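First comes the structure, then the notes that go with it.
The chains referred to below are lettered A, B, ... by the order of the sequence lines, with proteins before strands, and numbering in each begins at 1. These numbers were taken from a predicted model, which means no experiment stands behind them. Atom set for the values below is all heavy atoms of this structure, side chains included, hydrogens, waters and symmetry mates excluded.
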Amino acid sequence: MIDLALAYLRDRPLTTALNVLLLAISTAMLILLLQFSSQVRDRFERDVQGVDLVVGAKGSPLQLILSSLFHIDQPTGNIPLESLDMLRNDPAIARAVPLALGDNFRGYRIVGTDHSFAGLYDLQLAQGAHFDRPMQAVLGADVAAQTGATLGQKFIGSHGFATDEDGAQGHEHAVFETVGILRPSGTVADRLILVSYQSVWDVHGIAHDGDDFLSVEADHADTRHDHDDHAHDDGDHDVSHRVAGNGDKGAQANRLSTSQDVSRGGLLQGASRAPGPGPEPELTAILVTYRNASAAVRVPAMIDRQTQMQAAVPAIETARLLGLLGASFEGLRIFAWLLAMTGGLAIFVALLNMARARESDLALLRVMGASRMQVFATVILEGVITALLGALAGWLGAHALLSLARANFPSLAEMGLSAWGPLAGEAALILAVLAIGTVAAFVPALRVYRLDPAHLLARG
Amino acid sequence: MQLAVRDISVSFGARRALKDVTFTVPSQGRALLLGPSGSGKSTLLNTICGLQRPDQGEVQLGEHHLVGPDGLAGADQIRRGYMGIIFQTLRLISALDVRKNLLLAQRLQNGASDPDLVDATLARLGLGDKAQARPFELSQGEAQRAAIARALVVSPAILIADEPTSALDHANTQIVAQLLIEAAETAGASLLIATHDERLMPFFERRIDLVDGRVSA
Ligand SMILES: Nc1ncnc2c1ncn2[C@@H]1O[C@H](COP(=O)(O)OP(=O)(O)OP(=O)(O)O)[C@@H](O)[C@H]1O
Ligand SMILES: [Mg+2]
């Protein structure tokens, strides 16, 4: 009967192709949506792991989470360094990881922190060692791969969080040295450059204990500074060439990233906000891991009540974010299902026509010994085969598209978007498409089931 | 297997198509059902095949009751097991090529196909080079032979044909009649053919004249 069903499908190639195409497109859309939302969710979950609370400056809690956990938005502001000790002394808190943000190197964020950060994501070194002095840097796996940086390579951070070709504001006086490269961890750490938070202060000329005070440059103290006439000029560039010391090519490469001015958030603002006695050493945020469940109730309340800081719960904020994403996905999803239904309807119409046109064929099958069930199955099979072809084509198409996208847009790969990882949801989806084919075939099949062969054959 | 038809009457509404039809075709015998258009030949064959429920009467093939006290119960199975049918309009399945048409008939009969028998039958009927052709690519005569081949590959006990030569010229009519008789002989099957074509008469040992739904003496 499969042969016969296939023969009937081949017999009207255009209709079959159209029906397969309709189902393939809708399947592909649904799978892409599924892959995308699940991989985004995955990514979020990996980056949130172990962080129960993020403490930072007041502002939008979502923004705080985005900037300090996922490293995609601007920070909300700065918080005093003492808060780190305060949290670390709290017996209910197992771990508090300091973050000082403000610069990037070719678009990769430079994160001032300490060794507790590596513990948070269980980061392993592929080469070299962890930083233990200011101006030493450990590169995430993607950073090393994309910039081609090696151990001992020197580079200069640029101000802000994104590369901007002509902004021309590097920190030429402060040169980082690569001392370690991390193994890929599948977390945001792959795209970060880890340094000590003291280094970040040094870069921005913030005085802190146990280090020389570096003069605060004018542009750092002035929020409304002007790019065109600030202190960084050709002279400074020469300095950079000299200190980078990696030959002309290396120096140029290292100078590639230029900065974008950040008028809010980051250490810059912290520095500029304190004009009186001079900039205080500050942090951008602290990632907190609780020791016990009771902390979840007490610590956020304590921070909100007793300090100028805010406490944001990553689980809540990411749920909200996924909710927002989910809403826009929902529209697409409904559209894709409607398309799949259209495919089902097209199968229905095609099979109904088929059943009518081939009534005599099918009656003949009955006369030649086919049971009612067999002719019924022939029609159902046609629907199922069409749906199966559509689902498979859609599946292949979606995954081919994903790998193509990955190959052409490295940023998708960086986001952790993988191409071929099948999901449990995909199996369910393909089954659903098959079900559509079956349901669409049911009425035409029933019609064939009820056929009275005698009636048809009696008329010569 | 002997075919016995007893007291068959069929009516369509008020119209009686068959009235008390009785005859037998002996095992491996050859009978011609002759009658003008509208005399009820097709109706009678349909009834014999268990496709048309008669008002009364019985049809028996060997020990098996195709049509009888239990109505058409079991008719499907007996038809499938013992009858090779050639339809007036041939009814080859156009989505399948000739060979696949034959294989399908075998599979519908007993769930298995016998490609050797199919190929041998096609060769014997001169269709060896048309095995892969689709029905609409055949000439009328080729299609007729393909339909005969399909009835033969199920190794029937009786071969039943409705107007197998109605579309053929005189020469081809002779050839097809010859073919049918040979085929029935090699298969050890009896043969029952309905026609209005008197030219077939010389080939048959027995004739049943149907006039207005009655067997005339
Ligand atoms: N399904 C039916 N409903 C009503 N009347 C029918 C039906 N089938 C046949 N008849 C009538 O029964 C009579 C016998 O028809 P049948 O087809 O058996 O004739 P036939 O001898 O095969 O004719 P032909 O040589 O033209 O094929 C005709 O008058 C026909 O109109
Ligand atoms: Mg007739």
Tell me, side chain or backbone of [X] under 4.5 Å from chain A's heavy atoms, or both, or neither?
X	answer
B/R134	side chain
B/I93	both
B/L92	backbone

(request) Can you tell which part of A/R358 gets under 4.5 Å to a heavy atom of chain B, answering side chain, backbone, both or neither? (result) side chain
(message) B/F23: which residues meet the ring-ring contact (aromatic ring centres under 6.0 Å, His included) condition with it, sequence neighbours left out?
(response) none
(request) Would you please name every residue forming a ring-ring contact (aromatic ring centres under 6.0 Å, His included) with B/H196, sequence neighbours left out? (result) none
(request) May I ask you to decide whether B/K19 forms a salt bridge with B/D212, counting only side-chain N to carboxylate O separations under 4.0 Å? (result) no
(message) Could you tell me if A/Q146 and A/R191 have a donor-acceptor pair between their side chains, going purely by distance under 3.5 Å?
(response) no
